[in-house]
Structures are given as C-alpha cells and as structure tokens.
Peer 1: 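What follows is a structure written as structure tokens; I'll ask about it next.
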Number of protein chains: 2
Amino acid sequence: MLDSTDLQIIDELTKNSRITMKELGEKVHLTGQAASTRVAKLEDQGIIEGYTINVNQMKMGYGVHAIIHIFTKTTNHQPYLSFLKKQKDIVRNNFKVSGESCYLLECRFPSNESLDEFLTNLSNYVSYKLSIIINKY
Amino acid sequence: MLDSTDLQIIDELTKNSRITMKELGEKVHLTGQAASTRVAKLEDQGIIEGYTINVNQMKMGYGVHAIIHIFTKTTNHQPYLSFLKKQKDIVRNNFKVSGESCYLLECRFPSNESLDEFLTNLSNYVSYKLSIIINKY
DNA sequence: TCAAATCCTTTCAATAATCAAGTGAAACAG
DNA sequence: CTGTTTCACTTGATTATTGAAAGGATTTGA
C-alpha cells in the first residue's frame, strides 16, 4: 500500500508542508509532477488528513500548559462535555481513556489566574487531578 | 504586536497551511504580496514555528494510542530518557509534569503486542500507570 | 504476444510567487 | 503648517511553480 517513497514524502511534508512539489520531488528522486500525484493519492486515501502550522503558544499568550485528569461523578457525562464546548480557546484535547481517570484533558491558559478560574468552573461538573507541564523532552 | 489580520492569517494557515498567498490574501482582504510579507514576519517573530501535516495514525499502522504516567524510582532520570531516545517511532511526547507523576509519556503503537513489549522494557527504568486513549472529543 | 494498467517523464499553457518601485497615510520634528 | 521618515500596502515586470495532456517504460494477465 505505502512504499518507502510514500513514507519519505510523509516525512518531508511533516518537516515542511509548504515545500514546493518540485523540491519535494528532488528530495525523493522524482519529478515534481510525480511527487504531486503521489501526494494527491495520499490525500485521497485519507493518510494525509490536512496541512497545518505549528504555532508558538507561549508567544500567543498561552504559556500555561496543563493536563487535567477527569473523574466524572455521575454516569451522565454530557454536562461536562457541554461545558468543554464553551471553552474552545482553552481546550486542546479531551481524550476518553481507560485507566484510573475517565478523561485526560489537555488545556492551554494565558495565566495561572485563568487556570484557577477554569478549575473552579470545572469542579461543578467533575472531580479532577491537575498536572502542569513543565517541559517537553 | 499582533492585530486581528495576523490572527486571521494564523487561523487560516492552521486550517490549511498549503493555501496560496494569493488565496490567503483574499481571505483576509489583502493582496497576495501583503499576506506573504505578514507571514514572513510571523515566521521571523517565531510565532509560526513551522509547517506540517496531520497524518492519520490509524492508517499508518499506529492504532494504539496511550498515555503512560511515569514514576521514576531513582533520582537519576537519564537511563529512562536515554531509553526513550531509542524508541522515536513510538514516542510522540514526553512531558515533565508537576503533580503525582514525574512524566506524562504519549505513545503510539501498532498493536497491543508492541505496547506490551514496550512496557516490559519500560519497567526496567521506571514505574508507570497506563491510560489507553479510547476516543477524542 | 497483445492489451490494459501503472507509474513515470516531458512539454507547455496558466497560474502564483517574488522583486523592485511607488503610493498614501500616520507620526513626528522643526 | 511643512517636510521627512516610516510603515503597510499596491502595482507591474520577471521568474518559478503548477496542472493538464501526451507519451514511454514496465508489469500483469488473458
């Protein structure tokens, strides 16, 4: 299904998705057109889902990064999930997980104050444990 | 520092980073050249860190997604960190966190078998608790 | 052996990016 | 009030890329 050239293409586009097809072709030893058709095929197959940018969240004013372990009190999760929908600027991921907690919630905050405010509201819906991300390795 | 046009540009590039500067300009009511210089400035400022793709990990054969809570037994974390370096295909993020655990390790595996193997090796370095990601909301 | 399919290259017209020059508005000193 | 500087943007010419069409090489199967 995927040969090594496809994997190389995915690798190169992961590093820089704004590369020209001509350059991409040179990197994987194809013409620009051949590279282009391969990329189109990867899109059609749903392997490449989209093109995006990495934004420096610190510089965007979201310096506080937290993972919040969610323990739902009740069997009905809907109030919690509805609450999250209203916090789209803050919520980056909400994973339903097996293990001790019910969800792992990844969030970004401008400050500890806004984190505090969020947690205050959050506690109306669920119990939680907080992990603040200090660094990335 | 950033006006609403810059935010719009970041928003559009987040949705589709391969858009032409001409199209991007149309979306934010600028010429392609003006959009292009703004994007260059955002890159220089380090706000746009890079251009990348979203890859369907399921289709790439990494269907098992896990968050592993790491509890280091010893004060020297280096053996653990060195171990991770050898597992670049599997490890997606390793966050040093405050809270109960020392690190939150995000990984992708092709199968439960490979997860099992990884955990077996991991237990030589640290204690852990496993959360398997079931879904994303 | 032939036909179809796949994957690639070449060529060329259409389109986009880039560079240089120029416009107009705002800020500011004389 | 005037002249100068700066900034962000536009315009126009040049260069580069993209996309479509045609064709070549290789593989597959009847």
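Residue numbers start from 1 in every chain, and the chains themselves are labelled A, B, ... in the order their sequence lines are given, proteins ahead of strands. Treat the numbers as computed from the prediction; the structure is a model and nothing was measured.
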Peer 1: Could you tell me whether the side chains of B:Ser17 and A:Ser17 share a donor-acceptor contact shorter than 3.5 Å?
Peer 2: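 Yes, a side-chain donor-acceptor pair sits under 3.5 Å.
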Peer 1: Name every residue in residues 2-11 of chain B that has at least one heavy atom under 4.0 Å from any atom of DNA chain C, in order of residue number, or write none if there are no such residues.
Peer 2: none
Peer 1: Taking NZ from B:Lys22 and P from C:dA14, how many angstroms apart are they, rounded to a whole number?
Peer 2: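 From B:Lys22 NZ to C:dA14 P: 14 Å.
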Peer 1: Under 3.5 Å, is there a donor on one side chain and an acceptor on the other for B:Asn54 and A:Glu49?
Peer 2: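 Checked: B:Asn54/A:Glu49 side chains show no N/O donor-acceptor pair below 3.5 Å.
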Peer 1: Apply side chain to side chain donor-acceptor pair (under 3.5 Å) to B:Tyr51 and B:Glu43, showing your working.
Peer 2: CA-CA 10 Å; B:Tyr51 300 87; B:Glu43 290 171 4; 2.4 Å; yes
Peer 1: How far apart are the C-alpha atoms of B:Tyr80 and B:Asn94, what are their side-chain angles, what is the distance that settles it, and do they pass the side chain to side chain donor-acceptor pair (under 3.5 Å) test?
Peer 2: CA-CA 11 Å; B:Tyr80 163 68; B:Asn94 182 43; 2.9 Å; yes
Peer 1: If every non-hydrogen atom of B:Ile134 is compared with every non-hydrogen atom of A:Ser98, which pair is closest and at what distance?
Peer 2: CG1-N, 3.8 Å
Peer 1: Taking the six-membered ring for Trp, are the ring centroids of B:Phe118 and B:Phe83 within less than 6.0 Å of each other?
Peer 2: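 Yes; B:Phe83 has its ring centre under 6.0 Å from that of B:Phe118.
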Peer 1: For a quick check under 3.5 Å, do B:Tyr62 and B:Asn56 share a side-chain donor-acceptor pair by atom type?
Peer 2: no
Peer 1: Using the ring of each side chain (for Trp, its six-membered ring), is A:His77 parallel, tilted or perpendicular to A:Tyr103, with breaks at 30° and 60°?
Peer 2: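 Geometry flag for A:Tyr103 against A:His77: perpendicular rings.
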Peer 1: Under a criterion of less than 4.0 angstrom to any heavy atom of chain B, what are the 5'-terminal and 3'-terminal contacting nucleotides of DNA chain D?
Peer 2: D:dA8 to D:dT18
Peer 1: Tell me which residues in residues 25-53 of chain A put a heavy atom below 4.0 Å from DNA chain C, sorted by number, or none.
Peer 2: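 Under 4.0 Å from DNA chain C: A:Leu30, A:Thr31, A:Gln33, A:Ala34, A:Arg38, A:Lys41.
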Peer 1: Using distance alone, with no hydrogens and no angle criterion, decide if B:Glu106 and B:His65 have a side-chain donor and acceptor under 3.5 Å apart.
Peer 2: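 Side chains of B:Glu106 and B:His65: pair found under 3.5 Å.
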Peer 1: So that I can tick it off, tell me whether A:Lys27 and A:Asp11 are bridged by a salt bridge, with the cut-off set at under 4.0 angstrom between side-chain N and carboxylate O.
Peer 2: no
